[in-house]
Amino acid sequence: MKVTDLSGLPDGVPAHLQNQGVEELYPPQAEAVEAGVTEGRNLVASVPTASGKTLVAKLAMLSSIERSRQRGRGGDGNGTALYIVPLRALASEKADEFAELERFGLDIGVATGNYQSDGEWLGDNDVVVATSEKVDSLIRNGATWMQDLDCVVADEVHLVDDAQRGPTLEVTLAKLRQRLPDLQVVALSATVGNAEAVADWLDAALVDSTWRPIDLQTGVHYGNAIHFDDGSQRELAVGSKNQTAAIVEDTLADDGSTLVFVNSRRNAEASARRLASVTGGAIDAEDRERLREVAGRIREVSDTETSEDLAAAVEQGAAFHHAGLASEHRSLVEEAFRDRLIRVISATPTLAAGVNTPSRRVVVRDWQRYDGTAGGMQPLSALEVHQMFGRAGRPGLDPYGEALLLASSHGELEELFDRYIYADPEPVRSKLAAEPALRTHVLATVATGFATTRSALLEFLQETLYASQTDEAGRLESVTDNVLAYLDRNGFLEREDGGLTATRTGHLVSQLYVDPMSAAEIIHGLEDAGAEPSALGLYHLVSRTPDMYRLYLRSGDDETYTEIAYDREDELLGHAPTEFEEGEWEDWLSALKTAKLLEDWADELDEDRITERYGVGPGDIRGKVDTAEWLLHAAERLAAELDVASTTAVREARIRVKHGVSEELLDLVRAENVGRKRARRLYDAGVETRQDLREAPKSTVLGALRGREKTAENVLEGVGHPAPSMDDVERDEAAIPEDDGRDENRAQANLEDF
DNA sequence: TCTAGACATCTATAGACAGCATGTC
DNA sequence: CTATAGATGTCTAGA
């Protein structure tokens with residue numbers, strides 16, 4: 001099918017596609033059009049990565065907007081298309097990709113937790129890209145523009161299988177469909193075992209294809225050769241002993257790049273270090289210079305050990321990639337890899353699910369992963385491995401892609417072929433009937449008035465994928481009843497003759513988007529607290545909710561934190577478990593460890609000291625701080641609702657953790673361009689408030705900011721200084737901070753604990 | 001007695017959404 | 001209950 005054959009699209013779209021070099025649709029795209037995506041028909045497309053799913057989505061959205069415009073005749077059609085993604089990083093990536101549609105008069109908006117273009121004005125956009133949680137939250141908070149949706153696209157819909165976040169996507173789609181009977185639903189999925197079941201659930205046509213625009217060869221490396229799926233073999237030059245190194249070397253000889261997937265952060269870092277010695281020799285002077293530049297920018301992001309290790313590897317053309325990295329680190333690495341500067345990345349699965357980083361070769365080095373709940377190593381699913389494989393081959397750039405597994409014995413070679421090369425991906429199974437998932441969604445469904453009786457609630461749940469998949473008729477009902485009882489018991493909703501009403505607190509909890517169990521824990525803690533709970537007490541309280549991903553206890557931590565638990569017993573809120581209740585006690589301690597990290601951050605301890613002390617990466621600090629801030633915001637609202645005395649203390653603890661400063665700096669950090677470090681330097685030089693900043697001698701400010709004129713000007717400008725110019729200002733030597741020395745002192749008090 | 005290298009033992013384990021109101025080094 | 005890489009500790013042979 002040619003693009004010129006397309007109809008029902010805004011004027012100029014086929015011509016625009018031709019300009020981009022698209023003449024002919026890919027076979028799965030043509031199938032989608034034949035199935036009616038451009039005519040408002042529901043569609044499930046189960047196709048491999050990079051086989052043109054995005055164009056299918058664009059065609060669906062463009063045609064639905066065009067239809068809406070026709071209906072609105074004359075006026076600017078007020079319909080909207082919603083594109084749901086699983087990750088925030090993907091939201092901005094997709095929005096950038098859709099930006100080209102602006103030439104057809106479409107506005108693109110983004111809505112995620114940390115970035116929202118225009119509140120209620122979101123509805124003025126023609127296309128909104130959002131995470132599933134954000135969409136759920138928008139529904140809960142009654143965003144009116146959702147009533148005007150014409151088309152919703154759910155990207156990576158196979159993630160409904162995910163135990164934590166899958167139910168959100170599932171319930172969100174079910175709600176949208178129930179509320180808007182004419183809504184067109186397009187679901188894009190990786191190839192899965194039961195795409196037809198998903199299609200049935202959504203009353204959709206199905207395109208189920210394994211077609212790829214670029215050849216993908218899969219195989220297993222064993223001994224000194226790669227055994228491909230088509231029976232062919234490739235002998236590698238004898239050189240490195242290490243399997244991964246041998247493959248990377250071989251790829252380099254062909255001027256290609258390699259993506260190595262491993263099963264832990266530590267392995268990713270170690271592997272990058274080793275592979276750096278392989279890539280280091282293959283880099284010419286010009287690339288080396290550019291790599292040094294990238295390494296420099298990496299070092300600027302933070303001065304932690306992780307940052308330094310990464311920069312050192314990057315200088316050699318290698319890198320690691322995992323969730324402990326700051327997001328700036330991640331994007332620098334991804335960008336340099338796409339620019340073919342970095343030749344090899346050792347990564348945890350972050351990269352498989354995330355943004356677009358294709359590579360000539362993909363090596364799945366570790367096919368098993370530690371899983372504490374299963375008691376040991378578990379094999380990856382075929383679906384996961386296939387997703388990683390899908391990163392192989394850059395359409396239009398590489399002649400082909402290769403995806404490899406590594407075997408260390410002949411038996412393993414055969415097992416890998418059976419398990420991953422020849423195997424079909426697993427079916428998608430809904431995880432909705434788990435209490436944690438239903439807890440939050442049942443409350444939201446009642447609070448938003450979607451269901452006002454028990455039977456209406458059950459009827460709604462019948463519209464989910466879970467209901468269409470289960471044979472156990474009573475299961476959903478009994479879990480729902482458990483959940484209703486829990487919500488009732490905690491005062492979030494009331495049951496009367498089968499009628500369901502959310503209480504005020506219940507409404508608030510639903511809108512705050514926290515797990516009702518988190519809210520219950522916070523409420524108990526706050527009721528137990530006096531007017532002045534300590535910051536540590538509050539950090540501990542939010543750290544032990546199910547919404548906080550706690551730090552692991554490592555060997556020795558047990559004693560350390562048990563001691564702290566007793567030392568600061570009276571600061572901790574709520575009912576403490578005893579040392580003999582093993583599971584609970586351990587949970588209490590890991591929450592305490594997390595709380596200590598937050599306290600250290602709010603006590604202005606240096607980032608690198610924190611990463612060292614808690615064995616985390618710079619990205620982890622950011623993540624914990626973010627989550628804590630969010631939960632403390634919820635706690636603040638709950639405290640106000642309950643009218644307990646601690647509201648002010650909660651707010652202060654929240655703002656301190658947000659900025660990472662102690663109380664005395666709170667005024668300063670509110671100034672533009674002033675963060676925890678600059679605020680501390682200014683304060684120590686005697687500039688203690690924003691008012692001081694305007695009135696203090698400019699030489700003092702310049703000295704405190706270590707003589708950076710431009711920075712000093714920006715800071716003064718930010719607080720409305722009448723004459724921010726630093727021309728002819730001499731820095732005041734007395735105000736210059738003595739670097740490092742002071743930070744060490746500040747850490748002292750805490751160090752004694754360790 | 002010292003040291004390099006072989007060998008044994010120990011240790012630790014992926015990912016990341018949400019509210020709200022504005023701005024890091 | 002399952003594994004494995006890397007760090008650290010211990011042993012041994014050779015000087």
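Letters go in sequence order (proteins before strands), and every chain restarts at 1.
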_Whether the A:S430 and A:E170 side chains hold a donor-acceptor pair (N or O, under 3.5 Å, no angle test) is what I'd like checked._
yes
*asked:* By the 4.0 Å heavy-atom rule, please label A:L631 as base, sugar-phosphate, or nothing.
replied: nothing
*Which nucleotide in the list B:dT24, B:dC20, C:dA3 gets nearest to the side chain of A:Y370?*
C:dA3
*Starting from the C-alpha separation in whole Å, work towards a yes-or-no answer on side chain to side chain contact (heavy atoms under 4.5 Å, CB included) for A:H329 and A:S302.*
CA-CA 9 Å; A:H329 282 145; A:S302 87; 4.1 Å; yes
_Value in whole Å for how far the P atom of B:dC20 lies from CG of A:L122_ = 13 Å
*Assign A:R274 to base, sugar-phosphate, or nothing according to its heavy-atom contacts below 4.0 angstrom with the strands shown.*
sugar-phosphate
*Nearest whole angstrom, please: distance from the P of B:dA18 to the CG of A:L508.*
19 Å
*asked:* Among B:dC17, B:dC25, B:dA16, which nucleotide has an atom closest to any side-chain atom of A:R676?
replied: B:dC25
*Could you please name the partner base of B:dC25, counting Watson-Crick and G-U wobble pairs only when both distances are under 3.5 Å?*
none
*Return yes if a side-chain donor-acceptor contact under 3.5 Å exists between A:T440 and A:R140, otherwise no.*
yes
*Indicate whether any N or O donor in one side chain lies under 3.5 Å from an N or O acceptor in the other, for A:N114 and A:T112.*
yes
_Under-4.0 Å side-chain N/O to phosphate OP1/OP2 contact, A:S137 with B:dC17_ = no
*Nearest-nucleotide wise, let me know which of A:E328 and A:E384 is further upstream toward the 5' end of DNA chain B.*
A:E384
*Classify the side chain of A:R554 versus the base of B:dA12 as yes if they form a donor-acceptor pair under 3.5 Å and no if they do not.*
no
*asked:* I'd like to know if the side chain of A:E412 pairs up with that of A:W367 as donor and acceptor (distance under 3.5 Å, no hydrogens or angles considered).
replied: yes
*asked:* Measuring to OP1 and OP2 of B:dG15, would you say a side-chain N or O of A:R265 lies under 4.0 angstrom away?
replied: yes
*When all nucleic acid strands are considered with a 4.0 Å heavy-atom cut-off, which category describes A:A671: base, sugar-phosphate, or nothing?*
sugar-phosphate
*Could you state the atom-to-atom distance from CG of A:N267 to C1' of C:dA3 in whole Å?*
11 Å
_Length of the CD-P vector between A:E269 and C:dA7, whole Å_ = 11 Å
*Would you mind classifying the nucleic acid contact of A:V669 as base, sugar-phosphate or nothing, using non-hydrogen atoms under 4.0 angstrom?*
sugar-phosphate
*Residue mapping more 5' on DNA chain B - nearest nucleotide basis, A:Q164 or A:G623*: A:Q164
*Please determine if a side-chain N or O atom of A:T348 lies less than 4.0 Å away from the OP1 or OP2 oxygen of B:dG15.*
yes
*Would you say the side-chain atoms of A:N141 and A:Y513 include a donor-acceptor pair closer than 3.5 Å?*
no
*When rounded to the nearest Å, what value does the distance between C1' atoms of B:dG15 and C:dT2 take?*
23 Å
*asked:* Rounded to whole Å, please give me the gap between CG in A:D558 and P in B:dT11.
replied: 13 Å
*Which of the following nucleotides, B:dA18, B:dA16, B:dA14, is nearest to the side chain of A:Y549?*
B:dA16
*So, A:W630 and B:dG19: ring centres less than 5.5 Å apart, planes less than 30° off, yes or no?*
no
*asked:* Please tell me whether A:E334 and A:H321 have a donor and an acceptor in their side chains that are separated by less than 3.5 angstrom.
replied: yes
*Hey, which sits more toward the 5' end of DNA chain C by its nearest nucleotide, A:R273 or A:N263?*
A:N263
*Measure the distance from CG on A:D515 to P on B:dA16 and round it to the nearest whole Å.*
20 Å
_Would you say A:S302 places a side-chain N or O within less than 4.0 Å of OP1 or OP2 belonging to B:dC25?_
no
*Nearest to the side chain of A:T627, which nucleotide is it out of B:dA14, B:dA18, C:dA5?*
B:dA18
*From the options B:dT24, B:dA18, B:dA14, select the nucleotide whose nearest atom is closest to the side chain of A:E133.*
B:dA18
_Is A:R369 close enough to B:dG15 that one of its side-chain N or O atoms is under 4.0 Å from OP1 or OP2 there?_
no
*Using atom P of each nucleotide, how far apart are C:dA5 and B:dA14 to the nearest Å?*
15 Å
*Could you please name the option among C:dA3, B:dG15, B:dG19 that lies closest to any side-chain atom of A:Q368?*
C:dA3
*Paired with B:dC10: which nucleotide, if any, by Watson-Crick or G-U wobble criteria at under 3.5 Å for both distances?*
C:dG6
*Of the nucleotides B:dT13, B:dC17, C:dA5, which has the atom closest to the A:S264 side chain?*
B:dT13
*asked:* Taking only side-chain N and O atoms of A:K658, does any of them lie within less than 4.0 angstrom of OP1 or OP2 on B:dA21?
replied: no
*Give A:V514 one of three labels, base, sugar-phosphate or nothing, depending on what nucleic acid heavy atoms sit under 4.0 Å from its own.*
nothing
*asked:* Is any side-chain heavy atom of A:L597 closer than 4.5 Å to one of A:V616?
replied: yes
*asked:* Quick check on B:dC17: is either OP1 or OP2 less than 4.0 Å from any side-chain nitrogen or oxygen of A:R88?
replied: yes
*Please check the phosphate of B:dC20 (OP1 and OP2 only) for any side-chain N or O of A:R637 closer than 4.0 Å.*
yes
_How many whole angstroms separate atom CH2 of A:W601 from atom P of B:dT24?_
11 Å
*Look at the side chain of A:R678 and decide which nucleotide, out of B:dC25, C:dG6, B:dA16, has an atom nearest to it.*
B:dC25
*asked:* Going by purine N1 to pyrimidine N3 plus the second Watson-Crick contact, or the G-U wobble pair, all under 3.5 Å, which nucleotide sits opposite C:dA15?
replied: B:dT1
*Nearest listed nucleotide, side chain of A:E629, among B:dC17, B:dG15, B:dG19*: B:dG19
*asked:* Nearest to the A:L87 side chain among B:dC25, B:dA16, C:dG6, which nucleotide is it?
replied: B:dA16
*Would you kindly give the CG-to-P distance between A:L551 and B:dG15, to the nearest whole Å?*
13 Å
*Flag this pair as yes if the NZ/CZ of A:R656 is under 6.0 angstrom from the six-membered ring centre of A:W601 and inside a 45 degree cone about the axis; otherwise no.*
no
_Nucleotide forming a Watson-Crick or wobble pair with B:dA16, both distances under 3.5 Å_ = none
